[in-house]
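The structure appears right after this line, and notes come after that.
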Number of protein chains: 2
Amino acid sequence: MSNTTREKILSTARTQVQAHGYDGLNFRDLAATIGIRAPSLYHHFPSKAALGAAVARRYCEDVQAALDAISQEHDTPRACLLAYPGIFRKALDGDNRICLASFLSAQSDDVPEEVQTEIREFININVTWLAGKLSQLEPETIAMRRADAIYAAVAGAQLTARGLGGLPRYDGIIASYRAVGLLPA
Amino acid sequence: MSNTTREKILSTARTQVQAHGYDGLNFRDLAATIGIRAPSLYHHFPSKAALGAAVARRYCEDVQAALDAISQEHDTPRACLLAYPGIFRKALDGDNRICLASFLSAQSDDVPEEVQTEIREFININVTWLAGKLSQLEPETIAMRRADAIYAAVAGAQLTARGLGGLPRYDGIIASYRAVGLLPA
DNA sequence: ACCTGAACACCGTTCAAGT
DNA sequence: ACCTGAACACCGTTCAAGT
């Protein structure tokens, strides 16, 4: 059911975004890969912004799915929080190495509103999940703030490691977070 | 002594990068603002990548200066570490709101090597300064890892707050870091 | 040494024209 | 409904030509 032209555009665009970011999304190349011409894309997506937003929405669905998977695999909230950094680690590791950080990083003016909305959604999905786990361990008010802090710290670790040091550095930073008690050890 | 054409290009480019990021750096607009034509820029900088790297180098000099200022204003390493998040806060707050995070965020393939080199330098400047302060408080080996963690966490806080929530969220996340002991309180 | 207009190959997007 | 070639206004960059 995923063989429609629209679906092919989406998955190819995703690959292109992963490799070169939102700005690297190229309509002529994208169309050529699929076997159509650039103007044809506008029959499926009204603009590059809309296509970018659709790709970002995919990312949101993916994190949500990954978070749900963690929730099901692990019994205790503590075990879930232990597994959490693995999501960003995998994104840093594999071909999906961009996660949403590249979108995030693009500044407000560059990225169109539709895409920004999805970025916000991505943050909210993460923080909401974290707060849900944390609220089983500590008072609700603290849990909310702590969820924010954990997401920011892990996202920052991914960003820093991409800039310099790669996976080993990411692991080191996460270990430090655990040593200090920001994350359960 | 800063009134040379080259200097005007640099400062104008900086403003443009702050507002629209590396990709938003536009040679025709940039030239027009200064009062010359786009091809003339190539007489001062061999490429957009070189100009971008020069702007990034400015950012590095600025953090270094800001860190030195903190070192001089505060006596104890603890006081220095207390003041550290203020640098990223100011970058998030004022017109200089991009800091280096937008560069950082740009993925490896997008941004040319010369600019990436400066990004790495930016990280190193921060981590080195942090490690210097921390090593006066705890064993050297722990200090290095902790410096990595603090930089990543603060950068992540800035990134997250830019994406959603702004200054109040940044302050909340930093407060959480302090509450948990990642940063001195 | 520094600047320039014209041109190059790119880009997102539009549109009239095809099936 | 879906695709297309041609054209639009943009972009970084080059180059021959000016001072």
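Just so it is clear: chains get the letters A, B, ... in the order the sequence lines come, proteins before strands, and each one is counted from 1.
- The distance between atom CG of B:Leu51 and atom C1' of D:dG12, rounded to the nearest whole Å, is 12 Å.
- Contact check for A:Leu130 versus A:Arg146: no side-chain heavy atoms found under the 4.5 Å cut-off.
- Under the side chain to side chain contact (heavy atoms under 4.5 Å, CB included) rule, A:Gln64 has a single partner from A:Thr128, A:Asn126, A:Ile125, which is A:Ile125.
- B:Ser40 has a side-chain polar atom (N or O) that falls below the 4.0 Å cut-off from OP1 or OP2 of C:dT4.
- When the nearest nucleotides of DNA chain D are assigned to A:His43 and B:Asp29 by heavy-atom distance, the more 5′-ward of the two goes with A:His43.
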As a check on the pairing definition, encode DNA chain C in dot-bracket form, counting Watson-Crick and G-U wobble pairs whose two distances are under 3.5 Å, and using | for partners outside this strand. ||.|||||...|||||.||
Considering only distance and modelled atom types, tabulate donor-acceptor pairs under 3.5 Å from the side chains of residues 27-43 of chain A, sequence neighbours left out.
unit_1, atom_1, unit_2, atom_2, d
A:Thr33, OG1, A:Asp29, O, 2.9
A:Ser40, OG, A:Arg37, O, 3.3

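- Using a distance-only test at 3.5 Å, with no hydrogens or angles considered, no donor-acceptor pair links the side chain of A:Thr160 to the main chain of A:Ala157.
- Geometrically, B:Arg14 engages B:Tyr59 in a cation-pi contact, judged by NZ or CZ lying under 6.0 Å from the ring centre and within 45° of the ring axis.
- Among the heavy atoms of the strands lying under 4.0 Å from A:Leu25 are primed sugar atoms or P, OP1, OP2 only; no base atom is included.
- Distance A:Arg6 CZ to D:dC2 C1': 15 Å, rounded to the nearest Å.
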Give me, pair by pair, the N or O atoms of the protein and of nucleotides 13-17 of chain C that are less than 3.5 Å apart, along with how far apart they are.
unit_1, atom_1, unit_2, atom_2, d
C:dT13, OP2, A:Tyr42, OH, 2.8
C:dT13, OP2, A:Lys48, N, 2.9
C:dT13, O5', A:Tyr42, OH, 2.9

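- Summarising the geometry, the separation between CD1 on A:Ile9 and P on D:dC2 is reported as 10 Å, rounded to the nearest angstrom.
- Taking the centre and axis of the six-membered ring of A:Tyr22, the NZ or CZ atom of A:Lys48 falls inside the cone set by 45° and 6.0 Å.
- A:Tyr177 and A:Ile142 are not part of a single hydrophobic cluster, where members link through side-chain heavy atoms under 4.5 Å apart.
- A donor and an acceptor atom, one from each side chain of A:Lys133 and A:Thr76, are nowhere located under 3.5 Å apart.
- Cluster membership check: A:Leu82 does not share its hydrophobic cluster with A:Trp129, using side-chain heavy-atom separations under 4.5 Å among Ile, Leu, Val, Met, Phe, Trp and Tyr.
- Put simply, CZ on B:Arg37 is 12 Å from P on C:dA6, counting in whole angstrom units.
- Of the side-chain N and O atoms in A:His44, none sit less than 4.0 angstrom from OP1 or OP2 of D:dA1.
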